[in-house]
Each structure stands twice: as structure tokens, then as C-alpha cells.
Amino acid sequence: MWPRSPPNHKEWQGSGTTAHFGDIVLGRCYTYTQIVRPELRDKDCQKIQEAFLKSFLSKDPCDATEQDYQPLIELANQTIPCNKTVFWSKTKELAHQYTRVQQALFTLENTLLGYIADDLSWCGDSGSSEINYQSCPTRRDNCSSNPVSVFWNTVSKRFAEDACGVVHVVLNGSLNEAFDRRSTFGRVEIHNLHPKKVRTLQAWVMHDIGGVRSDSCSSSSIRDLKSIISERNITFTCQNNYRPVRFLQCVKNPEHPSCTSGI
Ligand code: NAD
């Protein structure tokens, strides 16, 4: 029988599964559970790798579901202490620089599942049990239920549901809108905070050093965020250029006026 498509034919517009996906998943799982957070040393990384692969192999990559990831999520479950959750939107690098210094704090990527999957791409095909290393579907393929998007939506939702106490978000005040309702933070995370568990959302609106100061705590997009959070009976606070995070930005720009006075 002829193959359904010639070798190297790109079926989808997105890049294919990350080379050595299975090995990277296994390696990151061991690094995280043995070195980064040894309190999780008893997790079974072989089983986690197997569950991850099973979540998308031999399945239609435009029809991924939350259920596909349930076995993986259960194997990797982890308790994040209250007051230690950090969300971010359009501030990935800065938020992670901060949690690297403040090791008691957790972004999603500082949890086992987020650590394993960060920056990876993966998909399979319903007609074969193989990993597709050539291409994977994206929204441009009219395929919003692709394995990577459904994974991040599912684990982001779970991460928010599990949060308790005072939670934080690092936002980018140099964009036209520091808060974007269409982002994962705006679309998924804030709507899944439990008002009975989460007392306060503290927003830190950070401006690029030397960049435009386009959005800040008093801007309309942050007012929008405040009203969504307040309606959910969670207290909202906001700080521009939260000093501990500002100091990290200043490491790269020590001579900038905003770093030498008044910060
Ligand atoms: P953002 O717009 O800065 O997006 C963050 C990154 O995730 C970008 O690389 C973006 O392309 C990608 N991304 C976002 N939504 C996606 C989706 N549905 N499918 C595939 N990739 C997606 O900020 P955001 O959208 O608010 O997401 C950040 C928040 O959501 C964080 O609080 C984090 O907990 C979680 N999250 C993390 C990742 C990640 O790649 N590590 C991805 C999605 C969501």
C-alpha cells in the first residue's frame, strides 16, 4: 500500500514534535524529581513519560481533550503551598528570573508538568502510532484543539484551581494592554481561581527599562482585570514596577536613571 503522504510532506503549518521528545521528557522528569525538587523523588518518571506519550499518540491531533491528559496529570500531581503561586502573561523571562531567585515561589513552569513540557512541541496522528516529527497543527490550521494548546489550557486551569491564599501575576506594562482577556491568564487562569481559597490577586505591572510606559495600574486594561477579579469576590491589588522584580531588570541596566534613583 502507498503511504498516505510522501515522506517529509508537511501536513500542518506548525513545527513538528521536538526532536528526542521522549528522551527530553524522561530527562526533565528525572532532573526535576531528583535534583530540583527532591521531595518528589518517588515519582515514577518512566510511567510519566509513558502517560505523556499515550495522551497524544494514535489520536487525531485536532481533537485533543482534557481527558487525554488526566492520567498524566494524576501521575505528576504536586501540592503548591498557599501564597506561592505566580502567574505571568507576556513576561515569561522576567517572571522566571524572579522565581529562580525566590525559590519558594512557583510559576506553572516551576511545577513538574510545566517543567517537563515547557517550550516543547508534540503531536501524533490517528492513522499511525508514530510521533509526527515533520509538522504539528496550530490555530492557523483551524485546529485549536491541538495537543499542545489543550495541554496548556488543561494544566493552566488546574494550576489556577489549586492556588490558595495571596496569588501573584507579573504583567507587561510596556504593551498597549498589560492585561489581555484572550491570553491564557485572562481566558483560563483568572476564571478558575476559587474565591473560597484565593484571598487576593496581587498584580505587578512591570515596565521595560527605557521602554514606553504605556500601561500601568490605573490603565483601562488593569481596571478590566480588577473588575473581573472583584466580581469573583477576590481582592485585587496592583503595584507598578514592584521593587524586587525591578531590581532584576536593573541588573542588566544598572546605569539607567530609573535604576539609580527612586526605585
Ligand atoms: P503569553 O501570551 O505570554 O503566552 C505564553 C506562551 O504560551 C507563549 O509562548 C504563547 O505562544 C504560549 N501559549 C499561550 N497560550 C497557548 C495555547 N493555548 N496553546 C499553545 N501555546 C500557548 O501569556 P498567557 O497566554 O497569559 O500564558 C501564560 C500563563 O498561562 C502563565 O500564567 C502560565 O501559567 C500559563 N501558560 C504557560 C505556557 C508555557 O508555554 N509555559 C503556555 C500557556 C499558558
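Indexing begins at 1, ligand by ligand and atom by atom, following the structure's order. All values derive from a computational prediction rather than experimental measurement.
When heavy-atom distances to ligand 1 are checked against a 4.0 Å cut-off, R187 comes that close only through its side chain, counted from C-beta outward. Contact annotation: for V188 versus ligand 1, there are no heavy atoms closer than 4.0 Å. If you look at E109 next to ligand 1, the close heavy atoms, those under 4.0 Å, all belong to the side chain. Within the 4.0 Å heavy-atom criterion, the part of D118 lying near ligand 1 is the side chain and not the backbone. Under 4.0 angstrom from ligand 1, the non-hydrogen atoms of S183 come from both its backbone and its side chain. Residue W152 touches ligand 1 through its side chain alone, judged by heavy-atom distances below 4.0 Å.
Proximity annotation for atom 17 (C) of ligand 1: of S144, S121, S149, S149 comes nearest, heavy atoms only. The residue among Y115, F106, W88 with a heavy atom at the shortest distance from atom 28 (C) of ligand 1 is W88.
In this structure, S156 has a heavy atom closer than 4.0 Å to ligand 1.
Residue K196 holds its NZ atom at 10.5 Å from CG of N233, rounded to the nearest 0.5 Å. Here the CG atom belonging to N83 is positioned 7.0 Å from the SG atom belonging to C164, to the nearest 0.5 angstrom. Note that the CZ atom of F159 and the CZ atom of F87 stand 5.5 Å from one another [nearest 0.5 Å]. Here CE of M206 is found 9.5 Å from CD of Q239. Values are rounded to the nearest 0.5 Å. Considering NE2 of H96 and CG of L108, their distance stands at 7.5 Å, rounded to 0.5 Å. Atom CG of D118 is separated from atom CH2 of W152 by 5.0 Å, given to the nearest 0.5 angstrom.
Under the 4.0 Å criterion applied to side-chain N and carboxylate O atoms, K92 and E109 are not assigned as salt-bridge partners.
Protein non-hydrogen atoms do reach within 4.0 Å of atom 19 (N) of ligand 1. Remark: atom 40 (O) of ligand 1 lies closer than 4.0 Å to at least one protein heavy atom. For atom 8 (C) of ligand 1, the nearest protein heavy atom is 4.0 Å or more away.
If you look at Y133 and F21, their ring centroids are not closer than 6.0 Å.
Residue-to-ligand polar distances keep L108 apart from ligand 1: every N/O pair is separated by 3.5 Å or more. Backbone and side-chain nitrogen or oxygen atoms of T91 are examined, and none is located within less than 3.5 angstrom of a nitrogen or oxygen of ligand 1.
Note: Y242 and W204 have parallel aromatic rings, judged against thresholds of 30 and 60 degrees for the angle between ring planes. Ring-plane geometry between Y115 and Y32 is classed as tilted, the angle between the planes lying from 30 to 60 degrees on a 0 to 90 degree scale.
Every atom of ligand 1 with a heavy atom of S89 under 4.0 Å away is listed here by number and element: 3 (O), 23 (O), 24 (P), 26 (O). For ligand 1 and N153, the ligand atoms under 4.0 Å from any heavy atom of the residue are 18 (N).
With T18 contributing its side chain and S121 its backbone, the two residues share a donor-acceptor pair below 3.5 Å.
In terms of protein heavy atoms, atom 3 (O) of ligand 1 is closest to K90 N, 2.8 Å. Nearest to atom 13 (N) of ligand 1 among the protein's heavy atoms is T184 OG1, 4.6 Å. Atom 34 (O) of ligand 1 has its closest protein heavy atom at E189 OE2, 2.6 Å.
V25 places a side-chain heavy atom less than 4.5 Å from the side chain of L120.
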